[in-house]
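Heavy atoms only: backbone and side chains are in, while hydrogens, waters and symmetry mates are out.
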Amino acid sequence: MTGYDKVRKGYKWEVLALLWVAYLLNQADRQVFNVVLPLIREDLGLSDVAVGTIATVFNLFYAMLVPIGGFIGDRFSRKWIVTASVLFWSIATMFTGLCNGFLMLVVMRSIATGGGEAFFGPANYSLIADYHDRTRAFAMSIHQTAYYVGIILSGYAAGVVGELWGWRNAFYIFGAIGVLHGIIMAGHLRDRKHPATEPTERGGGNEQKPRFAEGFRIVFTTPTALILTLSFSGLIFVLTGYLTWMPTYLYERFDMDLAAAGFHSMFYTHLFAFVGILIAGRISDRIAAKHPASRMAMQGIGLLAAVPFIVMMGHSSTLWIIYLGFAGFGFARAFFDANTYTVLYDVVPKRYHSSASGVMIMTGFAIGALAPVILGAVKEAAGLSSGITMLAGVWLVCGVLMLAGSKRFYMKNYNRINNV
């Protein structure tokens, strides 16, 4: 065993821990806006469509920039890309507390925060993949738990801070914590340095770094990657609509205070998703050793299993049934989350990992960005319950598509990349 191997095996979990906290802060900073949204709307006199538009523009701007982030992640230091992103969006989050109108909120949440986060995702996931090979799905699953914990913590903490000290202080506090972690990352995070003899991908030696358009080509001409990207878009559409409007749904329909609405709307879903993704990651790594296509099939089954729970969330007038819907929704979606980037990297050459991630994220958030404003319009026209129920149909279609893709295309694309 070489000295390089010893360092890599011990250090890969520290890398995961640093990126776990960064991803937690990433999701927490996003969710702060959704939790204190009723306070912002009241303070600044905004309509439901206006606040939905802010979230939509944020996601569209993020989608525009993320393929650039993916391209850069395949060409430059991933350590410094993720570190600079954390610092950038955290500072922008702090400045969000200074906003005094619709236009400033659009600028700070979309251009500043969305622009900073767009460079984080592709380099973040690629850096984890660099350090984790046989433990990739499990490492990605652990990393995904940061998403759930971040949303639960921010759902409660932002509500408490907003009610006690005002919505502006929620942005100041969460942003400042992010700046501190960015400084820690700058001192402790390292890129994985490949040995000079290690090829960039199986079956080949060192190759030129990819050009910008190649990430698009590889995703849109690989059937498995394309189906995954379309289904990921459906996933993001539903999750964005849920995260943006569910706290408001409980706040208005059940007369909860802001802290309770922020907590209950996020806790049950993400607690059960936390449990589900650890189970799914372990199962995925074990069964995929013999049946690689099972990863994609797990994703389709997870989406289909979540459909009745989404309907339950939107139609019940009893809180404990809605909470049960949250729990089932979270547990089922975890089987998609656990396999997303593992499936993509299974069918995409290694040197395109960050670029392909950027293209998938771009497409997902470009489509998902429409959810807040669509649900805002549905809310005004027919009520939020109808909008939530509409989301079930999206995952029904995506689940069927994933199962079909796992059976027809996955192994062909997998064998081509892995020279089987």
> When rounded to the nearest 0.5 angstrom, what distance separates OG1 in Thr221 from CZ in Phe216?
13.0 Å

> For the residue pair Ala139 and Ile128, what are the closest heavy atoms and their distance?
CB-CG2, 4.2 Å

> Going by the side-chain contact (heavy atoms from CB on, under 4.5 Å) test, name the single residue among Val36, Asp43, Ile40, Thr96 that passes it with Arg168.
Asp43

> Please evaluate residues Met298 and Ile287 with respect to the criterion side-chain contact (heavy atoms from CB on, under 4.5 Å), reporting the C-alpha separation (whole Å), side-chain torsions for both, the decisive distance (0.1 Å), and the verdict.
CA-CA 11 Å; Met298 285 176 62; Ile287 64 176; 3.9 Å; yes

> Hey, is the main chain of Leu18 close enough, under 3.5 Å, to the side chain of His181 for a donor-acceptor pair?
yes

> Start with the C-alpha gap between His264 and Tyr268, add the side-chain angles, then the distance that decides, and say whether ring-ring contact (aromatic ring centres under 6.0 Å, His included) holds.
CA-CA 7 Å; His264 289 292; Tyr268 307 101; 5.7 Å; yes

> Looking at Ile142, is its backbone amide N or carbonyl O close enough to the side chain of Thr145 to form a donor-acceptor pair, meaning the two atoms are under 3.5 Å apart?
yes

> Apply the ring pair (Phe, Tyr, Trp, His ring centres under 6.0 Å) test between Trp89 and each candidate in Phe119, Phe120, Phe174; give the one that qualifies.
Phe120

> Start with the C-alpha distance between Leu105 and Leu44, add both sets of side-chain angles, then the distance that settles side-chain contact (heavy atoms from CB on, under 4.5 Å), and finish with yes or no.
CA-CA 10 Å; Leu105 280 170; Leu44 302 183; 3.6 Å; yes

> Report yes if some heavy atom in the side chain of Phe220 is under 4.5 Å from a heavy atom in the side chain of Val359; otherwise report no.
yes

> What is the minimum heavy-atom distance between Ala334 and Ala273, and which atoms define it?
CB-O, 3.5 Å

> Should the ring pair Tyr242 and His270 be called parallel, tilted or perpendicular, given that the plane angle runs from 0 to 90° and is split at 30 and 60?
tilted

> Side-chain contact test, heavy atoms from C-beta onward, threshold under 4.5 Å: evaluate it for Met94 versus Val179 and give yes or no.
yes

> Can you see which heavy atom on Leu303 is nearest to which on Cys398, and at what distance?
CD1-CB, 3.7 Å

> What I'd like to find out is whether the side chain of Cys99 reaches to under 4.5 Å of the side chain of Phe171, using heavy atoms alone.
no

> Can Phe237 and Leu391 be said to form a side-chain contact (heavy atoms from CB on, under 4.5 Å), step by step?
CA-CA 8 Å; Phe237 184 91; Leu391 300 178; 3.7 Å; yes

> Got a donor-acceptor contact below 3.5 angstrom from the Thr83 side chain to the Gly182 backbone?
no

> Measure the spacing between CD1 of Ile388 and NZ of Lys379 and express it to the nearest 0.5 Å.
10.5 Å

> Relative to each other, are the rings of Tyr410 and Tyr414 parallel, tilted or perpendicular (30° and 60° limits)?
parallel

> Using 30° and 60° as the class boundaries, would you call the ring planes of Phe267 and Phe263 parallel, tilted or perpendicular?
parallel

> List the steps, then state whether side-chain contact (heavy atoms from CB on, under 4.5 Å) holds for Trp245 with Val378.
CA-CA 11 Å; Trp245 286 109; Val378 172; over 6 Å; no

> Within a 6.0 Å radius of atom CZ on Phe95, are there more than 12 heavy atoms belonging to other residues, nucleotides or ligands?
no

> Given 3.5 Å as the limit, does a donor-acceptor pair link the side chain of Ser406 with the main chain of Leu403, or not?
yes

> How many angstroms lie between CE in Met108 and CG in Leu98, if you round to the nearest 0.5 Å?
8.0 Å

> Determine, step by step, whether Ser385 and Arg253 satisfy the side chain to side chain donor-acceptor pair (under 3.5 Å) criterion, reporting the C-alpha distance in whole Å, the side-chain angles of both residues, the deciding distance to 0.1 Å, and the verdict.
CA-CA 10 Å; Ser385 291; Arg253 183 172 181 180; 3.2 Å; yes

> Would you say the side chain of Met256 lies within less than 4.5 Å of the side chain of Leu319, judging by non-hydrogen atoms?
yes

> Are the side chains of Ile301 and Phe335 in contact, using a 4.5 Å heavy-atom criterion?
no

> For the side chain of Arg408 and the backbone of Thr224, is there at least one donor-acceptor N/O pair under 3.5 Å apart?
no

> What I'd like to find out is whether the side chain of Met296 reaches to under 4.5 Å of the side chain of Asn339, using heavy atoms alone.
no

> Indicate the atoms forming the closest heavy-atom contact of Gly405 with Ile227, along with that distance.
CA-CD1, 3.7 Å

> Can you name the nearest heavy-atom pair linking Val311 to Ala392, along with the distance?
CG2-CB, 3.8 Å

> How close do Gly178 and Val86 get, counting heavy atoms only, and between which atoms?
O-CG1, 3.5 Å

> Less than 6.0 Å separating the ring centroids of Trp395 and Phe336?
no

> Going through the distances and angles, do Ser357 and Tyr345 end up as a side chain to side chain donor-acceptor pair (under 3.5 Å)?
CA-CA 9 Å; Ser357 298; Tyr345 297 160; 2.7 Å; yes

> Report the distance from atom CD1 of Ile322 to atom CE of Met246, rounding to the nearest 0.5 Å.
7.5 Å

> Within the distance-only criterion (no hydrogens, no angle test), does the side chain of Ser284 pair as donor or acceptor with the backbone N or O of Ala280 below 3.5 angstrom?
no

> Would you say the side chain of Thr222 lies within less than 4.5 Å of the side chain of Arg416, judging by non-hydrogen atoms?
yes

> Does any part of the side chain of Leu189, heavy atoms only, come nearer than 4.5 Å to the side chain of Leu19, both counted from C-beta?
yes

> Are Tyr172 and Trp165 close enough, and set up right, to give a ring-ring contact (aromatic ring centres under 6.0 Å, His included), and what steps lead you there?
CA-CA 11 Å; Tyr172 298 149; Trp165 301 304; over 10 Å; no

> OH/Tyr323 to OG/Ser265 distance, rounded to the nearest 0.5 angstrom?
9.0 Å

> Within this structure, what is the OG1-CD1 distance for the pair Thr240 and Ile374, rounded to the nearest 0.5 Å?
11.0 Å

